[in-house]
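Report on the structure given below.
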Amino acid sequence: MAKRPRIAVVGSANVDLTTFTDQFPKPGETIFGQTFDMGFGGKGANQAVAAKLCGSDVFMVARVGDDLFGPATIKNFEKLGIDASQVRQVPGLSSGVAPIFVDPAGQNRILVVKGANDALKPADVDAASDVLKSADCIVLQFEIPLETVYYTIKFARKNNIRCLLNPAPGQPIDVKAVADLDYFVPNESEAETITGMPVKNVDDAKKCAEKLLSGGIRRVIITLGANGSLLAGRDGMEHVPAFNMKSVDSTGAGDAFIGSFATFLGEGLAEGEAVRRANLYAGLSTTGVGTQKSFYDRARFDTEWAARAKS
Ligand code: RIB
């Protein structure tokens, strides 16, 4: 039986307010959207949920707001079996929220208001150190303060814990500040923002990955949507194709990739195999509406994997 990974996510929790629409209003205009969905989201929380549904033991370190969404978010973690003992409400701040717009092709546009996520500070990482030290992988994103991300990377290195960063939403950073990571996992647009190089296809991704590796990062995975993923290290690069999907909503697919990849790797799979399975897990998440609620549990995933891995 595969080892059960222990994954700690230091990151965001939002509530997603998703509108499905075939057009977008111009300034000053009011138009009708088609349908609406509300659900628990946030890149950190989504990645934690994906890892849990894939079979990891998961610990969340996060801050939520002093509003209706705060306790509901904590309850959602608990309902899913995620350890939320380090998820606290911050007095006087709103929870993180994300108005999201999805077009008929399943493509999304997301606005994040960080709210209480911005109150997660290095001192909170210290306060959670017992939980973090018990993990075999720490997962980070960019919806919390950068100082907390950098601090946690150092904490992981010092304690010899595998560390994976999803630099989302993309923002310019000093690559050297994250060079202690084990895995740097941007999508195309995040890779573009960080390196200043266009990433429109696999060849562009290879050039971009070379730049990130030359900046000191050890392993890079650039997720490329329908084009799969590029896995790159100083020992070479491998393009891992995606699986065909009938997508209705791609929101959270990157998070599904991260949470499942951390789990598959933690179970002891080789990197390339872990990426191949994570490509499928992420693809499957685009066939349902919303983020966390579109993620497959392990039994459903294994059935799909058994059917598709041969093809
Ligand atoms: O990656 C998708 C997520 O981005 C959404 O759940 C939203 O909350 C934003 O954080």
Side-chain angles (χ1 to χ4, degrees), residues 1-11 43-60 80-82 134-141 156 161-166 168 181-187 209 218-233 235-245 252-288 291-292 294-311:
M1 207 172 112
K3 176 176 170 265
R4 197 175 172 85
R6 290 174 67 81
I7 295 175
V9 177
V10 178
K43 295 182 193 298
N46 295 344
Q47 293 170 19
V49 170
K52 180 69 197 176
L53 291 174
C54 284
S56 290
D57 287 332
V58 180
F59 308 85
M60 187 76 201
L80 291 164
I82 292 171
S134 77
D136 39 45
C137 178
I138 295 178
V139 177
L140 294 156
Q141 323 72 33
I161 303 166
R162 175 183 285 152
C163 189
L164 191 156
L165 171 64
N166 169 224
L181 282 168
D182 296 284
Y183 289 94
F184 188 73
V185 193
N187 68 11
R218 277 173 243 167
R219 312 293 287 167
V220 175
I221 301 172
I222 303 182
T223 57
L224 302 163
N227 277 331
S229 311
L230 178 78
L231 168 62
D235 52 348
M237 298 197 193
E238 182 189 353
H239 172 234
V240 186
F243 293 82
N244 282 335
M245 290 296 155
D255 302 327
F257 181 95
I258 301 278
S260 63
F261 173 71
T263 300
F264 298 135
L265 200 65
E267 288 177 350
L269 284 181
E271 266 178 354
E273 267 309 298
V275 170
R276 194 153 174 253
R277 282 172 169 76
N279 276 353
L280 177 60
Y281 190 82
L284 291 169
S285 79
T286 70
T287 62
T291 54
Q292 297 173 20
S294 70
F295 295 171
Y296 276 39
D297 66 19
R298 187 59 181 259
R300 280 178 80 205
F301 171 77
D302 283 346
T303 304
E304 286 285 341
W305 176 253
R308 291 180 185 243
K310 295 176 216 121
S311 57

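Source: prediction; values computed, not measured. Count residues from 1 along the sequence.
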If only atom types and distance count, is the side chain of [X] paired as donor or acceptor with the main-chain N or O of [Y] below 3.5 Å?
{"X": "R6", "Y": "G266", "answer": "no"}
{"X": "D297", "Y": "L53", "answer": "no"}
{"X": "R276", "Y": "A309", "answer": "yes"}
{"X": "T287", "Y": "G283", "answer": "no"}
{"X": "T286", "Y": "A282", "answer": "no"}

For the [atom1] atom of [X] and the [atom2] atom of [Y], what is their distance to the nearest 0.5 Å?
{"X": "T263", "Y": "I7", "atom1": "OG1", "atom2": "CD1", "value": "4.0 Å"}
{"X": "Y281", "Y": "D255", "atom1": "OH", "atom2": "CG", "value": "11.0 Å"}
{"X": "S229", "Y": "I222", "atom1": "OG", "atom2": "CD1", "value": "10.0 Å"}
{"X": "F59", "Y": "I138", "atom1": "CZ", "atom2": "CD1", "value": "11.5 Å"}
{"X": "N46", "Y": "Q141", "atom1": "CG", "atom2": "CD", "value": "9.0 Å"}
{"X": "F295", "Y": "L284", "atom1": "CZ", "atom2": "CG", "value": "11.5 Å"}

Using every non-hydrogen atom in the two residues, find where [X] and [Y] come nearest and quote the distance to one decimal.
{"X": "N279", "Y": "G228", "answer": "ND2-CA, 4.0 Å"}
{"X": "S56", "Y": "R4", "answer": "O-NH2, 4.4 Å"}
{"X": "N166", "Y": "V185", "answer": "ND2-O, 2.8 Å"}
{"X": "Q47", "Y": "I258", "answer": "OE1-CG2, 3.4 Å"}
{"X": "C163", "Y": "A156", "answer": "CB-CB, 3.7 Å"}
{"X": "A262", "Y": "L164", "answer": "CB-CD1, 4.3 Å"}

Can we say [X] and [Y] salt-bridge, meaning some charged N sits less than 4.0 Å from an Asp/Glu carboxylate O?
{"X": "R219", "Y": "D235", "value": "yes"}
{"X": "E304", "Y": "R300", "value": "no"}
{"X": "R298", "Y": "E267", "value": "yes"}

Under the salt bridge (Lys or Arg N to Asp or Glu O under 4.0 Å) criterion, do D182 and R218 qualify, and how do the steps go? CA-CA 6 Å; D182 296 284; R218 277 173 243 167; 3.8 Å; yes
Quick one: does [X]'s side chain get under 4.5 Å of [Y]'s, heavy atoms only?
{"X": "K3", "Y": "D136", "result": "yes"}
{"X": "D57", "Y": "K52", "result": "yes"}
{"X": "R162", "Y": "V139", "result": "no"}
{"X": "M237", "Y": "V220", "result": "no"}
{"X": "F257", "Y": "N187", "result": "no"}

State which residue, out of Y296, F264, F243, fulfils the ring pair (Phe, Tyr, Trp, His ring centres under 6.0 Å) condition with F301.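 The passing option is F264.
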Show your reasoning for whether side chain to side chain contact (heavy atoms under 4.5 Å, CB included) applies to I221 and E238. CA-CA 10 Å; I221 301 172; E238 182 189 353; over 6 Å; no
Is there a donor-acceptor contact under 3.5 Å linking the side chains of S260 and R277? no
